[in-house]
Structure formats: structure tokens, C-alpha cells
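Notes for the one structure printed next.
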Amino acid sequence: MSPLCDLQINLSHEFIFFVNQDLMSEYSGFLRKMIKQSNKKKKNHKNSRIILHIQDFPGGPHGFDLVSRFCYSNGGGITIDVSNVSILHCASIFLEMTEKLCSSNLLLQTEKFLQGMFYWSWNDVVSCLKSCEQVFLHADSCGLVDKLVFGVLAKIAQNSDMSQVFASSSTSSSASASSMSPETAKNRSDSDKRSTSRSFSCRTSNEWWFDDVSILGPKIIEKLIKNIGAYDKNNDSLVLTRFLLHYLKTKVHHKSNNKLEYACLADTAVQGVILAARNAFSCRKIFWVLRVLSGFSISKESRTGLERVIGEMVDQATLDDLLIPTGGKREKGFYDVDLVIRLLKVFVRNCNTEEDYNLKMRRIGKLIDKYLREISPDQNLKVSKFLQVAESLPDSARDWFDGLFRAIDIYLESHPNLSTEDRTKLCRCLNYKKLTLETCKQLAKNPKIPPNIAVQALKSQQLSNETPPSSREDKFKQNKIRNSRKYVEEKPILLCLKGFEMSEKSFDGAEDDLRKHWRVSDNSEKVCKEKKSEVVSRLVRHGHTYSTSTFPRLC
């Protein structure tokens, strides 16, 4: 009679089991063959212990422990249920525990149990599919994963309108979600009612199954989507797209997850969003999709498609939508400015064909000015990036450039060490003719603005006042500018300079010159003296006397 534990099983060089070779070989064809081969090699040591090395055993030590219990109890000793049937089924296939060796072997028992899947409750099917993750490669190769996935889809079909689940994005977005039919609810078993009461109590639409299925791993979800036929570029179902977004949202914050495993699912979700974008998703929702899916290494093609959809409707965005962190190295800046630049290029290119071009342009112009004011304090924001954002829009996007000037002022205040060249370059995005008088004064008095820029802005203001309107629309704009500067109703105030006797008649000729040269930057002392001399010479020619000591400062 052989020793009680004459067989040593080493699992993956980590776990060791001591079992009886006669008992194990009675149920396992795989172990029987291994024992025979080992005995041939050790003819002179028949009573020595046999050592077998097994790699990648289904379920690891837990799976082998269940199998050994089954063998030692003569086909009993364990209870097959939804939590262990996947492991036992894969282990029985691995060990070749078929009917050729003995009747009612483990493989037959697991197959009989799986045949009753149609009568399982919803939670039982999902739990069994979840347990397949421990033995996924084995379960997938033997077809168990596909069998359980079909079981899940059957349960969804029993309690949903599958015409909506499989419908294309354009169709399903306009259709209302259908609830569970009374006939289906009546035919369900009591156990199924108890197990699904939680799911159906809060949701009666086609999305009731989202939370329960979200516990499954990415490989099984891929199987589910592939079996439906909506994987990758084939995804045109709005319900499946919403499920994938819901699923990925639950996984994005788990640091232990390998994000690369979810990349294909993220690309599938993007495809669905692109097809259903205008009908089913708002601009803010698509920005949220971009934030979530960017963490799953989506393909370049998917990112480009998603950015194209957002760019076409970016005028509907809010400031919070645009403030997307880079998520990478801080040397590039806190916010993803490059993304905004790409979106603006798409918008400008697409907006040229829109009927409400002017309305959209003005709306995006105000939004980008707010965005620039928000990101200006970022110490890592380069002048070139600031200009790229500001100059991405044509001049027609801004009725006034006051908002853009305020952004420049904030940038200069936050970057005090900028060179004169950079400060000059930064102001090139301003249209001085579209600055209000008050803003132009602020620009001229701002010590951070280079003097040549201040002079250029003042000259542009003067030219904009002197240029006659060429059309009715230009005339309206000019009147609006003059009204904003209180130009129509308020004449320039004539100063009575000490040391001069000025009559209204004698000042008529000097009024234009005085008004023209009065508004000069505080920093331009030399210019002030030159203008003072011109005014004095003009008054002397009119025969007025003056006192140099009492002549007021004009700046």
C-alpha cells in the first residue's frame, strides 16, 4: 500500500500540496499522465515521493484546495455555487476531470450547474462573471466568459427595451427610455425579484444595470461590448456610450488600476460621443468627457475627434470648462493652454460657414478675454502662448479691446521682470482704435507699458476720431465711440491759464491744437515740454502776454 502523501504538488514554485497520488489520479487524467511519466524516470525508487511542478493553475492554491477536497470526499465535500463554479469549471478542464475516469466527475457537475444559468437571479449572474476575473485566461479559452456574458445580456433584455440599447445614437437620443414591462415582471421568479429590487427601485430606464455591471473588470466589459457588436468604431449606441462613461468615471480615481487596460474602452466611448455629440451632449458634458477620458491614454485619433466636436461648439463653453489642468509637468504651465488654442482654431475654421457668425464671434471673444485674465498670473505662461490665445480670434470677435488690455495689465503685473522687448511684443495683439478713451488713458499712464506703445495708442485714438465714416455702419460705430467718451454733449474744458488774457475769439485757432496735444503720457516729459512750447508760441502770435513761471504743467 502506498504512503498517505506520496505526491507533492508545487504550484508556481510558491505553494506546496502533499496529496495521495492514487486518489488524485482516480479523478484527474492530467495528474495520472504526469505520475506515469515520473514513475518511468524513477524505476529504482518506486516508493519515493513524486514531485510535480504546475504553472498557472486556475484559481491558484484556493482552486487546487477545492479540487483536492472533491477528490478526497469521493466526488463530494464541496458545494458548487456561483462564487466558485468558474474556478471549479476551469480547474476540472485543466486537470481533465472527465467522465472517462469516473462517473459524475467534477467537470460534468460544473456543466450541469452552469446549464441552470437561465434561472439564476441577476446578482448571481453578475457575481459569477465577476469571479471569472480570477481565472480569466482559462475561462475565456473554454468559452465560459462568453456564456456568462450572454447570460448578463439576456437579463438586461428581459428588463429593458433592447431596441433602445442597440439603437444608433441619433435614434436613441430622441427616443424616451422605456421601463420594464408588467408581463416580464410577472414572469420573474421571486428570487430574481429580491435580488434586483435594489436596482429597479431607483431606476426603471434602460440604465438600471449600470451600477451593477460597473464592478466587472475591463477585459470582461470588452467582451460584453464586443458581443453586442458596438466595440471601437462600431459603437453607435447612446445607451452603451453612457454606460462606458459611467463605468470609466468609477475607475478614474483608482490609483491601483492600470489605465492602459481601459484605453480601448475609452476609445469606444469617444466614438459614441462623437456620433451623438450635437443631439445628446452639451458642450459642458463633452468637456467633462475629455477630462475623464484623458486619464485613460486615448488614441490620438480619438482625442482629435473629440477636440473637433468641442471646437465646433466652444462658444457655448464657460470659463470653468476651459480651465483644464495640464496634468503633467508644471514647466508647461498650470492650465492646458495648447488645448484651448487647438479648440479656437477649429472654431474659427468652422465658424466661417455659420449664419450667426457675428453673434458667435462676439460671444467667444468675451470668453477668451476672461480666460486670459484668469491664466495671466501663471508664472509659467510664456508671452508667446498668451499671444497665441489672444490672436487666435479675428478683430471682429471684439467690439472693444478693453478686456484684452486688462488681461495684459494683469500679466505685466504678475511678470515684473519682463524685458522691454517682451512687453512691446505683448501689446501687439491690441487694436488701439477699439480702446475706449478711459482705457486708453490707463494705457498711457501705465508705467509697465513701453512709452512708444503709449504714443502709438494715442495717435490711433486721434486718427479714429478724425477719420470720417465710410458707411452707415461705420458711422453708427463712430457715434457709439464718441458717446462712450462723452464727446457729443460735453465740449472740452477751456482752461484759464494764469499769466494769459484769453478771449474766446482769440482762442478759436488754438483750441484744436490744445485739445490735440493735451492728452499725453505722464512719462513723456520731453514731449510735454515740446507741446508746451507750441502752445505758447501760438498764443504769442495772437498778441497775448504770459509769465513763464506761472505757466501750468500740461502733463
Side-chain angles (χ1 to χ4, degrees), residues 319 361-377 386-387 389-391 393-416 418 423-424 426-469 473-495 511-525 527-528 531 535 552-555:
L319 178 59
M361 274 298 176
R362 291 192 183 98
R363 193 159 53 200
I364 194 66
K366 293 179 181 178
L367 175 62
I368 294 304
D369 287 350
K370 291 179 182 178
Y371 176 75
L372 286 171
R373 292 198 294 271
E374 188 69 26
I375 67 173
S376 289
F386 184 99
L387 288 173
V389 177
E391 295 175 345
L393 299 175
D395 277 7
S396 59
R398 298 179 176 92
D399 289 333
W400 304 98
F401 274 68
D402 294 19
L404 184 56
F405 170 72
R406 284 194 289 272
I408 292 175
D409 189 32
I410 295 172
Y411 187 90
L412 293 174
E413 188 71 31
S414 305
H415 300 76
L418 283 181
R423 285 185 283 135
T424 302
L426 190 66
C427 295
R428 79 183 186 191
C429 58
L430 286 174
N431 185 339
Y432 305 121
K433 294 181 181 180
K434 285 190 175 184
L435 290 174
T436 60
L437 179 60
E438 187 64 30
T439 301
C440 197
K441 285 181 179 179
Q442 295 175 10
L443 184 149
K445 295 178 181 179
N446 194 326
K448 299 183 289 294
I449 300 293
N452 61 321
I453 297 296
V455 173
Q456 186 178 353
L458 292 170
K459 286 182 178 179
S460 298
Q461 286 282 306
Q462 177 184 341
L463 291 174
S464 64
N465 287 337
E466 294 178 353
T467 303
E473 183 179 357
D474 293 337
K475 185 176 180 180
F476 175 78
K477 289 184 178 179
Q478 184 166 319
N479 288 336
K480 186 176 180 181
I481 295 174
R482 290 181 174 179
N483 287 336
S484 70
R485 300 170 184 170
K486 300 180 181 179
Y487 181 88
V488 175
E489 296 181 358
E490 296 182 18
K491 289 184 177 180
I493 300 176
L494 302 181
L495 301 180
E511 180 181 0
D512 291 337
D513 285 347
L514 184 59
R515 184 190 304 117
K516 182 188 303 181
H517 302 307
W518 183 261
R519 301 183 184 92
V520 185
S521 172
D522 292 342
N523 299 335
S524 307
E525 187 68 26
V527 177
C528 290
K531 300 306 176 185
V535 175
R553 290 179 61 85
L554 300 182
C555 305

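Fair warning: this is a prediction, and the values are worked out from it, not measured in the lab. No hydrogens, no waters, no symmetry mates; every other heavy atom, side chains included, goes into these values.
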How many angstroms lie between atom [atom1] of [X] and atom [atom2] of [Y], to the nearest 0.5 angstrom?
X: Leu430; Y: Cys440; atom1: CG; atom2: SG; result: 10.0 Å
X: Lys441; Y: Leu435; atom1: NZ; atom2: CG; result: 13.5 Å
X: Lys366; Y: Asp399; atom1: NZ; atom2: CG; result: 7.5 Å
X: Ile375; Y: Phe386; atom1: CD1; atom2: CZ; result: 7.5 Å
X: Lys448; Y: Leu443; atom1: NZ; atom2: CG; result: 10.5 Å

Nearest heavy-atom neighbours spanning Ser396 and Met361:
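Closest approach of Ser396 to Met361: O-CB, 4.5 Å.
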State, to 0.1 Å, how close Ser376 and Ser414 come at their nearest heavy-atom pair, and which atoms those are.
O-CB, 4.1 Å
Using a 4.5 Å cut-off on heavy atoms from C-beta on, say whether the side chain of Lys459 contacts that of Val455.
yes
Is Asp369 paired with Arg398 through a side-chain N to carboxylate O contact shorter than 4.0 Å?
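Between Asp369 and Arg398 there is a salt bridge, with a charged N closer than 4.0 Å to a carboxylate O.
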Please check this pair: side chain of Asp402 against backbone of Thr436, looking for a donor-acceptor N/O pair closer than 3.5 Å.
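Pair found, side chain donor or acceptor close to backbone of Thr436.
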Is Lys370 reaching over with its side chain to a backbone N or O of Leu319, donor-acceptor style, under 3.5 angstrom?
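No, because the side chain of Lys370 does not come within donor-acceptor range (under 3.5 Å) of the backbone of Leu319.
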Heavy atoms from other residues, nucleotides or ligands near CD of Glu413 exceed 12 (cutoff 6.0 Å):
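No, not enclosed.
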Checking Cys427 against Tyr432 for the side chain to side chain contact (heavy atoms under 4.5 Å, CB included) test, could you report, in this order, the C-alpha distance in whole Å, the side-chain angles of both residues, the deciding distance, and whether it holds?
CA-CA 10 Å; Cys427 295; Tyr432 305 121; 4.0 Å; yes
Donor-acceptor pairs are to be reported for all side-chain atoms of residues 403-412 against protein atoms at under 3.5 Å, with residues two or more places apart or in another chain.
from   : atom 1 : to     : atom 2 : distance (Å)
Asp409 : OD1    : Asn446 : ND2    : 2.9
Tyr411 : OH     : Leu381 : O      : 2.7
Tyr411 : OH     : Val383 : N      : 3.3

